[in-house]
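Right, one structure below, let's go through it.
A note on names: the letters A, B, ... follow the listed sequences, proteins ahead of strands, and every chain is numbered from 1. All heavy atoms count here, side chains included; hydrogens, waters and symmetry mates do not.
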Amino acid sequence: DAGVIQSPRHEVTEMGQEVTLRCKPISGHNSLFWYRQTMMRGLELLIYFNNNVPIDDSGMPEDRFSAKMPNASFSTLKIQPSEPRDSAVYFCASIVGLAGVSNTDTQYFGPGTRLTVL
Amino acid sequence: KQEVTQIPAALSVPEGENLVLNCSFTDSAIYNLQWFRQDPGKGLTSLLLIQSSQREQTSGRLNASLDKSSGRSTLYIAASQPGDSATYLCAVPSGGGADGLTFGKGTHLIIQP
């Protein structure tokens with residue numbers, strides 16, 4: 001299996017521009033997570049989906065952030081407009097399972113997208 | 001709100017030493033606890049997952065223990081090697097299933113050859 005695939009791996013943009021990050025979960029996984037990692041705050045959960053439905057988006061920092069999962073094999077995280085403080089590494093992860101249902105598996109992480117907003 | 005703390009933040013030891021990394025969490029009502037490894041510029045790799053009903057899990061030179069009542073977990077690395085150099089993160093889920101994880105900030109480990 002190819003694992004979780006994220007694109008692009010690196011993104012450099014200017015403040016005010018729209019940024020779209022993409023994720024392809026592992027085939028057969030029905031839950032998908034977006035995390036953000038910074039030096040100051042560490043790894044933080046932004047949003048997650050079960051069966052393409054958003055379950056908890058309380059970690060999304062502002063209305064400038066939005067995420068979609070139009071089908072089981074694709075998700076996007078969009079930032080519009082971007083700001084320098086959005087600079088971070090954004091990770092996508094996937095798992096087989098549902099929120100609140102006992103699970104013994106671990107989440108599988110993609111390699112991340114390093115975003116730099118100038 | 002669950003908070004996860006890892007001590008120490010950084011650790012540098014000579015090769016061959018046994019070492020212990022610590023993790024504490026504020027809400028003991030967890031279903032499991034996971035330890036991950038992160039190499040520079042890479043994603044996270046799962047090392048061990050301990051269910052709340054378990055006291056410990058072992059994988060090769062790694063042993064993780066869990067004490068729910070005290071809100072603590074330790075990761076023991078035996079006979080450390082330079083290849084063990086990485087950042088080690090512990091995490092607990094917000095629920096019992098496929099729920100989001102709350103992470104500690106990690107322990108940056110350097111094993112000197």
Side chain from CB out, backbone as N, CA, C, O: work out which of these in A/Arg9 comes under 4.5 Å of a heavy atom of chain B, or both, or neither. side chain

Quick check: is B/Leu75 connected to B/Ile110 through a chain of hydrophobic side chains (ILVMFWY, heavy atoms under 4.5 Å apart)? no

Tell me, yes or no, whether the heavy-atom count around A/Asp63 atom CG, taken from other residues, nucleotides or ligands under 6.0 Å, exceeds 12. no

Measuring from atom OG1 of B/Thr87 to atom CD of A/Gln37, what distance do you get when rounded to the nearest 0.5 angstrom? 8.0 Å

Should we count CZ of B/Arg72 as having more than 12 external heavy atoms under 6.0 Å? no

Residues forming a ring pair (Phe, Tyr, Trp, His ring centres under 6.0 Å) with B/Phe36, sequence neighbours excluded: A/Phe109, B/Phe103

Side-chain heavy atoms under 4.5 angstrom apart, residues restricted to Ile, Leu, Val, Met, Phe, Trp, Tyr: same cluster for A/Val19 and A/Met15? yes

For the residue pair B/Gln34 and A/Gln107, confirm or rule out a side-chain donor-acceptor distance under 3.5 Å. no

Check whether A/Tyr35 reaches the backbone of B/Leu101 with its side chain - one donor and one acceptor, N or O, closer than 3.5 Å. yes

Can you tell me which of B/Ser46, B/Gly41, B/Gly43, B/Gly104 forms the most heavy-atom pairs within a distance under 4.5 Å of chain A? B/Gly43

NZ/A/Lys68: more than 12 non-hydrogen atoms of other groups inside 6.0 Å: no

Considering only heavy atoms, which portion of B/Lys105 lies under 4.5 Å from any heavy atom of chain A: side chain, backbone, both, or neither? side chain

Spacing of OG1 belonging to A/Thr106 relative to CG belonging to B/Leu47, to within rounding of 0.5 Å: 9.0 Å

Please round to the nearest 0.5 Å and tell me the distance separating atom NZ of B/Lys42 and atom CZ of A/Phe91. 11.0 Å

Please list, chain by chain and in numerical order, all residues satisfying side chain to side chain contact (heavy atoms under 4.5 Å, CB included) with B/Ser53, sequence neighbours excluded. B/Gln51

Nearest atoms (heavy-atom pairs only) where B/Gly100 meets A/Leu45: CA-CD2, 3.4 Å

Are the side chains of B/Leu44 and A/Leu43 in contact, using a 4.5 Å heavy-atom criterion? yes

